Amino acid sequence: MLKSFPWLAPQPDLGLLLLRLGGAVLLLTVHGLPKLQHYAGELAHIDDPLHIGRGLTLWLALLAEVACPLAIAAGVLTRLACVPVLVLLLVSMLAVHPDWSLADGQFGWLLLVIFASISVAGAGRYTLPALLRMGSPAAAQPPSGGAAHG
């Protein structure tokens, strides 16, 4: 039956791409870019739950909310890029906003689920490095071991 409808076949790589892009765009646009655009204001009122100073706290937040989502969206060092995001989300949900109900914190918890899923599953096949390899002359030749890997 699936042969008649190939678009109904499971597409885990496409699902991972949608998960990466969706999570990254949400984190970047809702949290990262506003912090970057209003840096001085953010610096004046950011919580410092780890007692490392507001400046360092804001820089770590920007790493997790700007640089990491860009890497995750591109599929570059995806699992590693998820680590700062997961730490930030856990600190935010458990230390900064422990009084929030599940309904109050649903966006944070959903982001936590999205990025934890990506960190477990990996980037999938559709990544910027894979796209760049497709265009390189080396991609047309099999590896030195003989047969091409599929």
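Keep in mind it's a predicted model, so treat the numbers as computed, not measured.
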Report task. Heavy atoms only: give me the nearest A121-L16 pair and the separation to one decimal. Result -> CB-CD2, 3.6 Å

Query - Minimum heavy-atom distance between L19 and S117, given as atom pair plus value - result: CD2-CB, 4.0 Å

Report summary line: side-chain contact (heavy atoms from CB on, under 4.5 Å) test vs L33 passes for just one of L28, L62, L27, namely L28

Query - Pairwise side-chain contact, V87 with P84, heavy-atom cut-off 4.5 Å (strictly under) - result: no

Query - Within one Ile-Leu-Val-Met-Phe-Trp-Tyr cluster: W100 and L26, side-chain cutoff 4.5 Å - result: yes

Requested in this report: Run through L88, L36, T29 and flag the one making a side-chain contact (heavy atoms from CB on, under 4.5 Å) with E65.
Outcome: L88

Query raised in the report: Any link between V30 and L89 through a network of hydrophobic side chains (Ile, Leu, Val, Met, Phe, Trp, Tyr) touching at under 4.5 Å?
Result: yes

Query - Shortest non-hydrogen contact between A95 and P49, atoms and distance - result: CB-CB, 4.1 Å

Query - ILVMFWY cluster, Y39 and I46 together (side-chain gap under 4.5 Å) - result: yes

**Report entry** Distance-minimising heavy-atom pair for I72 and V85
**Finding:** CD1-CG2, 4.2 Å

Requested in this report: Consider only side-chain heavy atoms of I, L, V, M, F, W and Y, link residues closer than 4.5 Å, and tell whether L90 and L102 are in one cluster.
Outcome: yes

Query - Separation of S92 OG from W109 CH2 (nearest 0.5 Å) - result: 9.0 Å

Query - Taking every non-hydrogen atom, the tightest pair across A74 and P129 - result: O-CD, 3.6 Å

**Report entry** Rounded distance [0.5 Å steps], CG in L86 versus CD1 in I118
**Finding:** 9.0 Å

Requested in this report: State, yes or no, whether a side-chain contact exists between Y126 and L14 at a heavy-atom distance under 4.5 Å.
Outcome: yes

Query raised in the report: What's the shortest heavy-atom distance between R20 and T78, and which atoms?
Result: CD-CG2, 4.0 Å

Report task. Could you tell me the separation between the CH2 atom of W59 and the NZ atom of K35, rounded to the nearest 0.5 Å? Result -> 14.0 Å

Report task. Look up atom OG1 in T57 and atom CD1 in I52, then write down how far apart they are to the nearest 0.5 Å. Result -> 4.0 Å

Query raised in the report: Hey, quick one: are M93 and I114 part of the same hydrophobic cluster, counting side-chain heavy atoms closer than 4.5 Å, chains of contacts allowed?
Result: yes

Query raised in the report: Could you state the interatomic distance from OG1 (T127) to CZ (R125), rounded to the nearest 0.5 Å?
Result: 10.5 Å

Requested in this report: Look up atom CD in Q11 and atom CG in L18, then write down how far apart they are to the nearest 0.5 Å.
Outcome: 10.5 Å

Query raised in the report: Short question: side chain of R54, backbone of D48 - any donor-acceptor pair under 3.5 Å?
Result: no

